[in-house]
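If you read the sequence from its start, that first residue is 1, and numbering goes on from there. Start at 1 and go down the list; that is how both ligands and their atoms are numbered.
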Amino acid sequence: MSTLSDELLKTEKHNSIFESTVRALALPVCAAFGDAARPLPIAFAASGRVLHTRDGDKVAAKFPDSVKASGNAVLASAGVNRNAPRGRRVAVLFSGGPAAGGHNVVYGLKRVLGAGNTLLGVRPGPKGLIHGNLFEITEADTELIINTGGFDFLGTDRTKIKTDAQFNHVKETCLKHALDAIVVIGGDDSNTNAAVLAEFLFKGVKADGTGVQVIGVPKTIDGDLQSGDLLPISFGFDTATKIYGEMVGNLLQDTRSSLKYWHFIKLMGRSASHVALEVALQTKPAITLISEEIAEKKQSLAAIVDQIAQAVTSRAAKGLNHGVVLIPEGLIEFIPEMNALIAELNDALARHAAQFAAVADAEKAAFAEGQLTPDNARLLASLPAYVVRMLLADRDSHGNLQVSLIPTEQLLADMVKARVKAIDAHVPFAAHRHFLGYEGRCGAPTLFDAAYTYNLGLTAGSLILDGRTGYMATITDLDCGGAPRAIPLTGLLNIERRHGVDEFVIEKALVKMDSPAMRYLLSRRAAWTADDLFCSPGPRQLWGSAARQMPICVALNSDAKSLEFRIG
Ligand code: FBP
């Protein structure tokens with residue numbers, strides 16, 4: 001008979017009872033792939049839709065082979081691919097931050113490539129591709145990772161493949177491992193990388209002059225990789241927001257129980273406010289800041305602080321000395337005065353990188369102030385040291401400010417406290433600060449993310465077997481069966497200034513002020529401030545009818561009849 005300690009030992013290395021049960025969850029497939037038990041690869045044909053972007057001409061000049069081959073046409077299923085080739089060697093990698101469901105993309109790829117082709121894992125991320133660190137993925141591997149959270153099977157990193165040497169190393173990896181195709185599972189920057197790689201590897205890689213195909217898969221909890229009805233959401237967003245929704249709901253329940261705290265909660269999501277918007281729609285807190293709205297209204301930091309302080313005092317007049325403030329991670333960059341400061345800082349730090357690196361830590365702020373115009377120098381000097389330190393910290397490899405390190409929740413709580421005191425010194429105000437971020441990225445995928453990613457894997461593998469390159473796999477019509485499609489990556493590219501230089505990028509999709517989801521928030525937000533109307537959604541469900549819920553903003557924006565998603 002097993003003892004309790006035997007039982008506990010069995011749970012080491014991820015083998016919890018929960019995980020074993022989750023692995024056994026059945027996953028639906030889009031009708032295009034045929035029988036759910038034995039999905040088949042599909043072929044693709046032009047759907048009649050062609051993508052045009054602002055900088056389309058420059059993109060066509062920079063990516064001639066890709067644009068010529070795809071004509072920037074969106075592809076749709078053309079039925080089962082009866083002539084799918086065998087003997088293909090396909091590598092798959094994760095790139096950027098983890099997001100729930102990544103393992104199911106690998107599972108879907110393995111299923112659709114079947115025993116006739118070889119799937120190789122790259123460890124970790126683009127760095128692993130440069131270093132040629134690949135291994136063969138077996139069926140037993142994929143049976144173990146199905147429906148599990150995290151990217152731990154392959155690991156991930158944020159290396160941007162940009163130098164000639166790096167591109168040549170990738171080519172060497174392709175030759176060494178006789179690769180026919182690479183699947184890049186990543187966000188906007190990683191799929192930009194995939195577009196560049198697709199063009200670079202388009203032809204002349206192998207001895208016979210042919211190239212290596214590159215296919216992207218849309219991942220990021222931020223939800224900022226979107227393209228209207230063609231790409232309603234990236235995977236990982238649903239799981240992350242349902243995890244945050246539970247936590248915010250618990251805090252809201254606590255505020256009404258303890259009756260004395262304000263919670264300032266920053267939510268991960270880098271630039272766009274999709275995560276904050278979705279969590280607000282789920283939980284209905286007293287205050288929700290949406291960065292895009294603040295930018296549009298050109299609100300200053302002082303105005304935002306005053307708005308929150310007024311809400312605190314007006315609720316206090318009703319005896320509500322508590323509440324929750326949701327703050328999008330990227331807020332600081334959307335406040336016009338802060339944005340101007342950050343833009344000038346980015347350019348100045350890039351221009352004086354060597355000098356700045358040589359300056360002692362204690363002198364860095366003064367050095368930076370010396371490089372700025374008077375208004376920006378004054379603003380930088382007015383900010384608390386804990387914010388300045390982070391504004392001056394290293395950018396990531398894509399040149400982005402690491403916004404997750406800036407304690408906006410602390411800045412706002414401190415400033416609101418001072419402002420409330422100035423408005424009415426008798427109003428009680430006690431604040432707690434939270435940052436909900438990493439805890440949302442690696443949970444077990446919701447049923448939505450698990451099914452969505454499995455079908456994305458089937459689509460990506462089908463695109464490879466259909467000989468396509470430079471496309472991103474997508475599933476549309478998520479409320480009515482699901483339809484696999486392919487978006488030409490070059491059809492998403494535009495020019496953006498980064499690191500002081502113009503670059504071709506897939507732009508981040510921001511929250512649109514006139515989107516149905518945003519309009520819904522605007523129609524209810526004042527009522528949520530005036531009274532406690534919040535909702536505590538509880539833990540995400542993997543079984544039963546409540547499990548079949550898609551993100552609320554996806555349902556609203558796609559004019560779905562209900563919150564229920566339907567694949568298959
Ligand atoms: P991706 O866009 O690569 O998916 O990353 C999303 C994210 O989780 C952001 O929300 C956050 O700002 C960032 O990653 C944190 O990065 P890191 O994992 O490097 O700390």
Side-chain angles (χ1 to χ4, degrees), residues 93-103 105 124-128 149-152 154-161 184-195 216-227 231 233-244 247 265-279 291-292 326-334 342 390-391 393-409 434-443 445 449 452-453 456 472 492 496 498 505-511 551:
L93 61 91
F94 295 131
S95 179
H103 288 164
V105 178
K127 187 161 70 187
F151 275 7
D152 53 311
L154 300 177
T156 183
D157 90 317
R158 291 192 184 278
T159 302
K160 180 176 182 183
I161 302 169
V184 176
I185 303 173
D188 52 330
D189 285 333
S190 309
N191 275 285
T192 297
N193 237 297
V217 177
K219 164 240 65 160
T220 176
I221 66 154
D222 300 352
D224 57 4
L225 183 50
Q226 290 186 25
S227 187
L231 179 56
I233 198 68
S234 50
F235 80 76
F237 177 83
D238 187 56
T239 308
T241 52
K242 286 201 168 97
I243 291 173
Y244 302 147
M247 292 166 129
I265 307 172
K266 183 172 72 176
L267 291 162
M268 201 173 238
R270 203 186 282 277
S271 294
S273 306
H274 299 289
V275 171
L277 173 58
E278 173 66 20
V279 174
S291 305
E292 291 83 344
L326 293 187
I327 305 160
E329 179 183 5
L331 175 72
I332 208 98
E333 286 186 297
F334 286 76
I342 291 165
M390 295 311 163
L391 286 175
D394 289 344
R395 272 46 182 166
D396 71 12
S397 57
H398 294 271
N400 302 319
L401 176 73
Q402 298 190 58
V403 280
S404 61
L405 300 179
I406 298 176
T408 338
E409 66 284 21
H434 312 261
F435 172 34
L436 302 182
Y438 298 98
E439 42 284 83
R441 304 198 303 184
C442 285
D449 271 330
Y452 183 34
T453 47
L456 283 172
M472 185 197 288
L492 299 175
E496 206 176 272
R498 291 209 179 157
V505 296
I506 297 175
E507 288 174 345
K508 289 186 190 306
L510 301 179
V511 169

> Using a distance-only test with no angle check, is there a side-chain donor-acceptor pair under 3.5 angstrom linking Thr220 and Ser234?
Replying inline: no
> Are any of the N or O atoms of Ser95 closer than 3.5 Å to those of ligand 1?
Replying inline: no
> Has Gly187 got any heavy atom lying under 4.0 angstrom from an atom of ligand 1?
Replying inline: no
> Are Ser227 and Leu492 side-chain neighbours, meaning at least one heavy-atom pair lies under 4.5 Å?
Replying inline: yes
>> My understanding is that we take every heavy atom of each candidate and find the minimum distance to atom 17 (P) of ligand 1. Doing that for Arg158, Arg270, Gln402, which one comes out nearest?
In response: Arg158
> Mind checking whether Val184 and Leu93 have side chains closer than 4.5 Å, heavy atoms only?
Replying inline: yes
> Which atom pair, heavy atoms only, marks the closest approach of Ile185 to Gly102?
Replying inline: CD1-O, 4.5 Å
>> Any heavy-atom pair between the side chains of Met268 and Arg441 that's under 4.5 Å?
In response: yes
>> Give me the nearest non-hydrogen protein atom to atom 8 (O) of ligand 1 as residue plus atom name, then the distance to 0.1 Å.
In response: Arg441 NH1, 2.9 Å
>> My understanding is that we take every heavy atom of each candidate and find the minimum distance to atom 12 (O) of ligand 1. Doing that for Met268, Lys219, Glu329, which one comes out nearest?
In response: Glu329
> Numbering the atoms of ligand 1 from 1, which are under 4.0 Å from a heavy atom of Gly269?
Replying inline: 10 (O)
> Below 4.5 Å, heavy atoms only, C-beta onward: do Lys219 and Leu225 meet side chain to side chain?
Replying inline: no
> Do you know the tightest heavy-atom contact between Ile406 and Met390?
Replying inline: CG1-CB, 3.6 Å
>> Students should be able to answer this: which protein heavy-atom is nearest to atom 10 (O) of ligand 1, and at what distance?
In response: Asp222 OD1, 2.6 Å
> With a cut-off of 4.0 Å, which atoms of ligand 1 are near a heavy atom of Gly96?
Replying inline: 3 (O)
> Which ligand 1 atoms, with their elements, are less than 4.0 angstrom from a heavy-atom of Tyr438?
Replying inline: 15 (C), 17 (P), 18 (O), 20 (O)
> Which part of Thr220 is near ligand 1, with near meaning a heavy atom under 4.0 Å away: side chain, backbone, both or neither?
Replying inline: both
> Do the non-hydrogen side-chain atoms of Ile265 and Leu436 ever get within less than 4.5 Å of each other?
Replying inline: yes
>> Side chain or backbone, does Gly97 bring an N or O within less than 3.5 Å of an N or O on ligand 1?
In response: yes
